[in-house]
Amino acid sequence: MFETVFSFLLPWEFSPTVLVLCAGSALIYLRGLVRGRGRTDAPGFWRNTAFAIGLVSMYAFLQTHLDYLSQHMFWIHRLQHLVLHHLGPFLIVMSAPQVTMRLGAPEWLRRYVLAPVWRNPVTQAGYRLLQNPVIAPVLFTGLIIFWLTPSIHFTAMLSLPRYNVMNWSMAIDGLLFWWLIVGPEHQAGLRFLGYGRRMLLLWAIMLPQIGIGAYIALTSKLLYSVYGVCGRAWPIEPMTDQGIGGLITWIPASMMSVVAALVVLARWRRSERADEPAGTPGAVLVEAPSR
Amino acid sequence: MVRKIATLLAITVACALGVTGCSKDPMKWDLVNITGIMEPLAFSLTDDHGQAVTQDDYRGKVALLYFGYTHCPDVCPTTLARLSQALSTMGSDADKVRVLFVTVDPKRDTADLLKTYTDSFGPQFVGLRTDDLDRLKAFNKRYRVTFGYGKPDADGNYEVSHSSAVFIFDQQGKARLIAEATDDVPAIAHDLKQLVSGN
């Protein structure tokens with residue numbers, strides 16, 4: 001029993017990059033927690049839990065046997081992308097780990113690596129481009145459509161480099177997108193994105209996901225024959241596999257937009273309340289989509 | 001400076017045109033083209049005569065790699081039969097092809113059983129095996145496929161799940177095509193002929 005659990009937790013295809021990034025983030029966060037003890041902005045139980053679940057779930061789908069199952073079962077692959085593109089990044093961003101991580105990051109890392117990379121004009125330009133309110137949602141749904149195009153999906157599952165590019169693109173885009181929507185409200189290097197526009201962006205990514213998910217779930221055509229080529233992890237009807245995968249793309253993935261919209265709505269109301277005593281109730285409406 | 005930039009630009013355009021000109025594949029394939037996507041053929045196994053063999057023993061032949069098992073009720077025999085029919089349309093060119101049937105059930109598939117089984121499909125069919133399950137798994141993993149054993153019934157028979165595809169390698173051992181379970185005999189024959197005639 002112990003051996004089974006142990007072998008399940010071992011990487012299917014070991015990636016030093018994933019290990020260094022995940023373990024490094026965890027260590028920096030823990031160090032930040034220790035150093036920030038007693039501070040008023042120290043995260044509480046829920047924020048720590050959200051960060052831990054987000055990070056561990058992303059690691060698990062990249063580096064344990066869940067990765068193996070994702071390669072040999074379409075619906076588990078969809079679950080993998082739900083975690084890498086939606087759930088994991090969303091939880092990490094919601095935990096607002098930036099304060100703790102800034103505290104925990106070693107001086108040399110901040111001074112000689114992070115700061116120069118961040119200040120580099122190429123990084124700045126690229127970041128502003130990717131976080132553009134029009135490009136961000138297009139990229140978010142574009143990646144889903146791209147990797148689910150049957151011919152592209154076919155080769156992505158057969159070629160290890162392409163498979164890695166697929167998963168990395170999902171994880172990075174997930175972090176960027178949710179950072180834009182539910183990250184800090186005023187972000188370094190970006191113009192303030194109004195709450196109404198955030199809602200609009202969430203709605204814009206939801207509709208295509210419903211369309212794609214429903215099509216995959218309801219079509220009578222077998223779209224992803226590559227799982228027959230690779231062999232499924234256990235015997236299951238290919239159409240059942242595809243149907244469940246479609247449902248995962250359709251319902252929980254688009255529900256994420258609803259959950260995020262509630263978060264944005266709560267922040268919107270809070271900012272209005274905060275603004276009222278200052279006597280500027282119109283300030284928020286300036287950014288509303290009706291304008 | 002301007003001239004330098006202009007030259008650079010001209011070279012870039014020329015390169016771009018040249019590259020697209022070369023990469024254009026004049027061949028039309030009926031099967032899925034995986035050129036440049038998958039690993040070249042490489043293995044170290046035992047053939048159905050009990051001889052140790054590697055990919056080098058099949059250099060110069062178009063190699064068709066298939067993972068299956070002799071007790072397989074449907075997929076394996078129909079796949080091998082389709083390959084056999086495709087080969088029968090190729091005349092003397094059929095000898096330039098080898099079908100490597102790698103058993104994923106070495107416990108039941110002895111060298112003798114493999115030999116009887118593969119011989120029944122034609123002289124180009126070779127059975128390959130290893131008792132080392134880790135090696136077998138690594139070989140499967142190299143082609144991003146998997147296999148698994150079902151629960152044995154009262155008589156001790158069990159099913160084995162495995163890849164349904166045939167991986168096709170050219171004379172140099174490069175991965176070129178995948179034949180899926182849905183590909184028919186004319187499509188396989190067409191692409192094999194094209195591959196054998198040297199491309």
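The sequence lines fix the lettering, A, B, ..., with proteins before strands; numbering per chain opens at 1. Just so we're clear, the structure is a prediction, and the values are computed from it rather than from any experiment.
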Given Phe147(B), Phe101(B), Phe139(B), Phe43(B), the one that forms ring pair (Phe, Tyr, Trp, His ring centres under 6.0 Å) with Phe67(B): Phe139(B)
Interface moiety of Arg232(A) toward chain B, non-hydrogen atoms closer than 4.5 Å: backbone
side-chain hydrogen bond (donor to acceptor under 3.5 Å, both in side chains) between Gln71(A) and Arg144(B), intermediate numbers included: CA-CA 8 Å; Gln71(A) 290 176 29; Arg144(B) 305 193 69 70; 3.1 Å; yes
Intermediate values then yes/no, side-chain hydrogen bond (donor to acceptor under 3.5 Å, both in side chains), Thr35(B) and Asn33(B): CA-CA 6 Å; Thr35(B) 307; Asn33(B) 189 350; 2.6 Å; yes
Region of Ile37(B) in contact with chain A, defined by heavy-atom distances below 4.5 Å: both
Engaged part of Tyr227(A) at the chain B interface, taking heavy atoms whose separation is under 4.5 Å: neither
Phe167(B) versus chain A, the contacting section by heavy-atom distance below 4.5 Å: side chain
Ser161(B), part contacting chain A, at a heavy-atom distance under 4.5 Å: side chain
Ring pair (Phe, Tyr, Trp, His ring centres under 6.0 Å) evaluation trace for His86(A) with His81(A): CA-CA 7 Å; His86(A) 297 77; His81(A) 276 199; 9.4 Å; no
Cation-aromatic face contact Arg108(B)/Tyr158(B), 6.0 Å, 45 degrees: yes
Max heavy-atom pair count under 4.5 Å with chain B, selected residue of Thr155(A), Leu160(A), Val226(A): Leu160(A)
Which of Thr146(B), Val166(B), Ile178(B) touches chain A most, by non-hydrogen pairs under 4.5 Å: Thr146(B)
Side-chain donor or acceptor of Thr123(A) paired with backbone N/O of Arg119(A) under 3.5 Å: no
Interface moiety of Val75(B) toward chain A, non-hydrogen atoms closer than 4.5 Å: neither
